[in-house]
Amino acid sequence: MNRLLKLAIVGLVASCGGGNYSAPRQLNNACAIAAERPAYVRAMKRTERKWGVPVHVQMATMYQESKFIGDARTPHQFALGVIPIGRQSSAFGYSQALDGTWEEYQRATRNRGARRDNIRDASDFMGWYMHGSQESLGLSKHDATSQYLAYHEGRGGFARGSHRQKAWLMRVAAQVGQRSEMYRQQLISCRRG
C-alpha cells in the first residue's frame with residue numbers, strides 16, 4: 001500500500017470519532033475542562049437546551065461516572081482471585097450507561113446510531129434519563145444529588161428507596177451535588193472573565 005493511501009486511511013479513521021478518550025487534565029476546574037475540551041461543553045449546552053438539564057449537573061454526573069473518559073468500563077471480576085470472568089456490569093462510555101438502558105434510549109429517541117463513547121450522544125442520554133426522572137419521580141433537573149441517586153439505582157430502585165440502605169452511595173451522591181455546585185460557580189466566573 002502506498003504512503004499516500006495509508007495517510008488517507010489514518011486521516012479518515014481519525015475523523016470518524018476515534019479519538020481522545022483520556023480525561024481532561026484539570027478535573028476540578030470546569031473552566032479548564034471547557035477550555036481543553038470545548039466539544040464537551042457544546043454537547044452539554046445542546047442537551048441543556050433540549051432536555052433542561054444544566055451543564056453543571058451533567059458535568060458532575062459525568063465526572064463521577066467516568067471522569068470524562070470516553071471508553072471507560074467497569075473493572076473485571078475474577079474467580080479465585082485470578083480467573084477473569086467478565087466485567088462487573090455492561091456500563092460503558094462517558095455516561096456509564098448499561099446496555100439495556102442505552103438500547104431503551106436509542107429506541108425512545110430513534111437514534112439507533114448513538115454511541116456511548118461519543119460525548120454528544122452520552123450527554124444527550126444523560127439529559128433524556130434525567131428528564132425522565134423528573135417526569136416519573138418529580139426530581140428537579142437542578143438537584144444533582146437526587147438525580148444521581150436515580151441515575152445510579154435506576155428509577156425503580158430510587159422509588160423503592162434502595163439508596164437509603166447504602167451509606168457509601170449517599171456519600172457519593174452528596175459529593176456529586178457538591179461538585180455540581182462547584183462547577184456551577186466556576187462556569188459563572190469563567191463566563192464573566
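Here the structure is a predicted model, which is why all the values come from computation and not from measurement.
- For the atom pair OG of S133 and CG of L149, the computed distance is 10.5 Å after rounding to the nearest 0.5 Å.
- Atoms CD1 and CD, on I119 and Q58 in that order, are 8.5 Å from each other to the nearest 0.5 Å.
- Annotation: side chain of K45 is in contact with side chain of V55 (closest heavy-atom distance under 4.5 Å).
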Salt bridge (Lys or Arg N to Asp or Glu O under 4.0 Å) for E104 and R107? Distances and angles first, verdict last. CA-CA 5 Å; E104 181 185 343; R107 282 190 305 274; 5.6 Å; no
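- The minimum heavy-atom distance between S189 and C31, with the atom names listed, is OG-SG, 4.4 Å.
- Between F158 and Y151, a ring centre-to-centre spacing not shorter than 6.0 Å is recorded.
- Atom CE of M59 and atom CE of M126 lie 11.0 Å apart (nearest 0.5 Å).
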Quick one: side chains of residues 163-174, donor-acceptor pairs under 3.5 Å with protein atoms, not counting sequence neighbours, listed by atom name and distance.
residue	atom	partner	partner atom	Å
K166	NZ	E153	OE1	2.8
K166	NZ	E153	OE2	3.2

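- Atom-to-atom distance recorded for Y63:OH and I69:CD1 is 10.5 Å, nearest 0.5 angstrom.
- When all heavy atoms of A34 and V41 are compared, the closest pair comes out as CB-CG2, 3.4 Å.
- Evaluation of the salt bridge (Lys or Arg N to Asp or Glu O under 4.0 Å) test over residues 130-145, restricted to residues two or more places apart or in two chains, returns none.
- Every residue two or more places apart in sequence or in another chain that forms a salt bridge (Lys or Arg N to Asp or Glu O under 4.0 Å) with R25 is listed here: E36.
- Q147 is linked by a side-chain hydrogen bond (donor to acceptor under 3.5 Å, both in side chains) to nothing, counting only residues two or more places apart in sequence or in another chain.
- With sequence neighbours left out, F125 forms a ring-ring contact (aromatic ring centres under 6.0 Å, His included) with W102, Y105, W128.
- For the side-chain hydrogen bond (donor to acceptor under 3.5 Å, both in side chains) test, no residue two or more places apart in sequence or in another chain qualifies with N111.
- Note that R120 lies outside the cation-pi zone of Y40, set by a 6.0 Å cut-off to the ring centre and a 45° limit from the axis.
- Under the 3.5 Å distance criterion, the side-chain polar atoms of R184 are left unmatched by any main-chain donor or acceptor of S180.
- Side-chain contact between Y148 and Q64: present, with at least one pair of heavy atoms (C-beta onward) separated by less than 4.5 Å.
- Separating the NE2 atom in H142 from the NE2 atom in H56 is a distance of 6.5 Å, to the nearest 0.5 Å.
- A salt bridge does not link R116 to D121: none of the charged side-chain nitrogens sits closer than 4.0 Å to a carboxylate oxygen.
- Cluster annotation: M62 and I33 are assigned to the same hydrophobic cluster (Ile/Leu/Val/Met/Phe/Trp/Tyr, side-chain heavy-atom contacts under 4.5 Å, transitive).
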